[in-house]
Amino acid sequence: MGRGSGARRHFRVEKLAPGVWAAIAEDGGYALCNAGIVDLGDRTVVFDSMLTPTAGAALAAEARRRTGRSANVVVNSHYHGDHTRGNVSFLPASIVSTDRTRELIESRGGLHWKWDRRAMGPALRSLDAPDSRVPLQERALYRGWFEGTLAVKLPFRLFPPDVTFDQSLTLHGSRRDLHLITYGGGHSPSDVFAYLPEERILFLGDLVTVGMHPSAGDGVPMRWADILRRMRSLEVSAAVPGHGRVGGGAEVRRIESYLRELGRTARSARRAGRSARELRQSPMPTKYRTWKFSEFYAQNLVRAFRLTPSERA
Ligand SMILES: [Zn+2]
């Protein structure tokens, strides 16, 4: 198989239970985000469609191979491009998310695509430059992100959700039900997660990352931490994050404490009269030093620092 063909370049598939799989993005591939495949018995659901139509097509083929039918429903956990740009590869499946996520894909999705496409050439060139700010061990991850975006065939069209809900939606199957739930926005203005109560499996989108920094730049860290706190009442045997390996309840709690720590660090900086520029220089806590997307840490601190008083509560 040549470069760019075959699912294995983009993700590896892990079986979590009979009829339930996680597709975990590989560094250097064009998926960037993880996905889920769930066989409801009479229908197939895919959770998140990945960064590119290429990775999306590989995921669609994998879902077909594993469940014996094409995906009937694709869920978008939130509007970010790395979770939605593969939607096109699943048509005519229904694309499902919240009303708010549909609005955001329609209002911002096209713009973000244009910005990304324009930024990726220069970003790719500076990735290996002598003054590159990306640590060596993270470069393959970024290279796949940038190259994947540049490899998308034009004209590219986004396909927003055509089935939307406000708070929750249950997909009832002959073998199991999949619960789609939102507790509002935290990582983005609207974040959906999926839950299989019998198997105790969570598909979390970017509400959780494992071994990677979460990204709070488009979110509200304190609301996000509260969403994760509400999730503590769910029994969890496997938690599939938006980025990074499959974890469990401990990984959900770890991101909650990461976000609360951001809040505390930002609060004491405000009290001490420090500037955002000074805050940016804060040392990374040792426990996060091996996490990828390390540049997000300073961005997350600044985001927490700049929250409005109502967002801090
Ligand atoms: Zn995201």
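Note that the numbering runs from 1 along the sequence shown for the chain. Both counts, for ligands and for their atoms, begin at 1 and track the order of listing. Here the structure is a predicted model, which means the values were calculated and not measured. Heavy atoms only: backbone and side chains are in, while hydrogens, waters and symmetry mates are out.
Here the N, O or S atom of Asp206 that is nearest to the Zn ion (ligand 1) is OD2. The N, O or S atom of His80 lying closest to the Zn ion (ligand 1) is ND1. Closest approach between the Zn ion (ligand 1) and any N/O/S atom of His78 involves NE2.
A salt bridge links Asp128 with Arg139: the distance from a Lys NZ or Arg NE/NH1/NH2 to an Asp or Glu carboxylate oxygen falls below 4.0 Å. For the pair Asp39 and Arg69, the salt-bridge criterion is met [side-chain N within less than 4.0 Å of a carboxylate O].
Between the side chains of Asp206 and His78, at least one donor N or O lies within less than 3.5 Å of an accepting N or O. Using modelled atom types and a 3.5 Å distance limit, the side chains of His80 and His112 yield no donor-acceptor pair.
Taking 2.8 Å as the threshold, His187 counts as a candidate ligand of the Zn ion (ligand 1), since one of its N, O or S atoms lies below it.
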